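In what follows, a structure is listed as C-alpha cells, so that the remarks can point back to it.
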Amino acid sequence: MNEDPKVNLSGLPRDCIDASAPENISAAVPSQGPVAESEPELVVNPWDIVLCSSGTLICCENAIVVLIIFHSPSLRAPMFLLIGSLALADLLAGLGLIINFIFAYLLQSEATKLVTIGLIVASFSASVCSLLAITVDRYLSLYYALTYHSERTVTFTYVMLVMLWGTSICLGLLPVMGWNCLRDESTCSVVRPLTKNNAAILSISFLFMFALMLQLYIQICKIVMRHAHQIALQHHFLATSHYVTTRKGVSTLALILGTFAACWMPFTLYSLIADYTYPSIYTYATLLPATYNSIINPVIYAFRNQEIQKALCLICCGCIPSTLSQRARSPSDV
C-alpha cells in the first residue's frame, strides 16, 4: 500500500514527480553527446479535477447567498446572520479546493501546501460549526418563542459567530504553525500534510457536534409536534391535517440530518481508522461526498427560505411573486 500516491491536497503523487524529474532522465542517458532534456510531463489526477469542479460549483452557489444577504438590509435577523456565516464558510471551502488544485500542479512548495490545507480545514470547520449554530438558533426560536426576538438573542448570535470562527481559524492555523507531517512522514494522516492526531481531533469533534445536533433536532421535533397539535386544536383541524403537518416537519428534519451524516460520516470514520499508507482512492472517495455538503447547504438552508426567495426575486426582477407574498409559515418550516 505504500506505493499508492497520496491525496493531492499536497501536490503531485510522488511516483509521478520522481518519474518526471530531469536529473533521473539525464542519469539514464549515456554520456556520448549533448542530449536535450525533455520537459517533465504534468500528470493530472482525475479525482483532483472532480474536486476542483466541485469547488467551483460551491463558490458559485454560496456567492449568490452571500450577495443576497449582504445586499438586503431586511436580512439582518440572527437566523440570516448564521445562514450568511454558513454560506461564507462554504464559499471559502470551495475557493480552497480551487486554490489547492492550482498550487498542487503549478506552484508546489511547503508554504503553499500548508496555507492551502489551513484554509480548507478552517473553512470546512466553520461550515460544520455554522450548521451547529443554526441548529441551536432554531431550537431557541421554538423553545423561547416569546423572548426570541430580543437584543439578548442578537448578542448571543454574535457571540456564537465569534466563537465558531475563532475556533475554526485556530484549527486551520495548526498545520501552518508546525503541527504537520512534512518532516516526519510516518505521522501523516490520509490527507497530507495533516498529522494523524490532527485528523483524529477533527473527526472526534465532528462526531461530538453531530451527536449534539441530533439531540437538538430530536427536541425540535418534539416541539414542532406539540405546536402542530395545539394549532390543530385551536383551529379545529382534522386529525389528518395535524398528521400531515407533523410528518412534513419530521421529514424536513430527517432530510437535514440525513444529508449531513451521509456527506461527512464516511470521511470522518475513515480518517479515524486509516493513515497515509492506505490507497488514496479511498480518501478521494470519502472526501468528495463531504464537499457535496457545501453544495447542498444553500439549497436546504438558503434557497428554501421564504425571505431569501423574496430578496432574490427583488434583486433579479424587482418584484415579489404572489405565491411568495401570500404563503404563511407553518410549524413544519424548521
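For reference, positions follow the sequence shown, starting with 1. Please read all numbers here as calculations on a predicted model, not as lab measurements.
Under the 3.5 Å distance criterion, the side-chain polar atoms of T112 are matched with a main-chain donor or acceptor of S109. Not one N or O on the side chain of R192 forms a donor-acceptor pair closer than 3.5 Å with the backbone of C188. At distances below 3.5 Å, not a single donor-acceptor pair connects side-chain atoms of E307 with backbone N or O atoms of L75. No donor-acceptor pair closer than 3.5 Å links the side chain of N293 to the backbone N or O of W264. No donor-acceptor pair closer than 3.5 Å links the side chain of S85 to the backbone N or O of L81. With hydrogens and angles ignored, the 3.5 Å screen pairs a side-chain donor or acceptor of S189 with a backbone N or O of V191. Side chain of T187 to main chain of D184: a donor-acceptor pair is present (N/O by atom type, distance under 3.5 Å, no hydrogens or angles).
Considering OG of S123 and CG of L97, their distance stands at 7.5 Å, rounded to 0.5 Å.
Not less than 6.0 angstrom separates the ring centroid of F267 from the ring centroid of F206.
Residue Y282 places its OH atom among 12 or fewer non-hydrogen atoms of other residues, nucleotides or ligands, all under 6.0 Å distant.
Residues I308 and I83 form a side-chain contact, since some pair of their non-hydrogen atoms from C-beta on lies under 4.5 Å apart. With contacts defined as side-chain heavy-atom distances shorter than 4.5 Å, the pair Y139/V136 does not qualify.
Minimum interatomic distance between L131 and T135 (heavy atoms only, all atoms of both residues): O-OG1, 2.8 Å.
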Test log, rule side chain to side chain contact (heavy atoms under 4.5 Å, CB included), inputs L288 and W47:
CA-CA 9 Å; L288 190 60; W47 285 98; 4.1 Å; yes
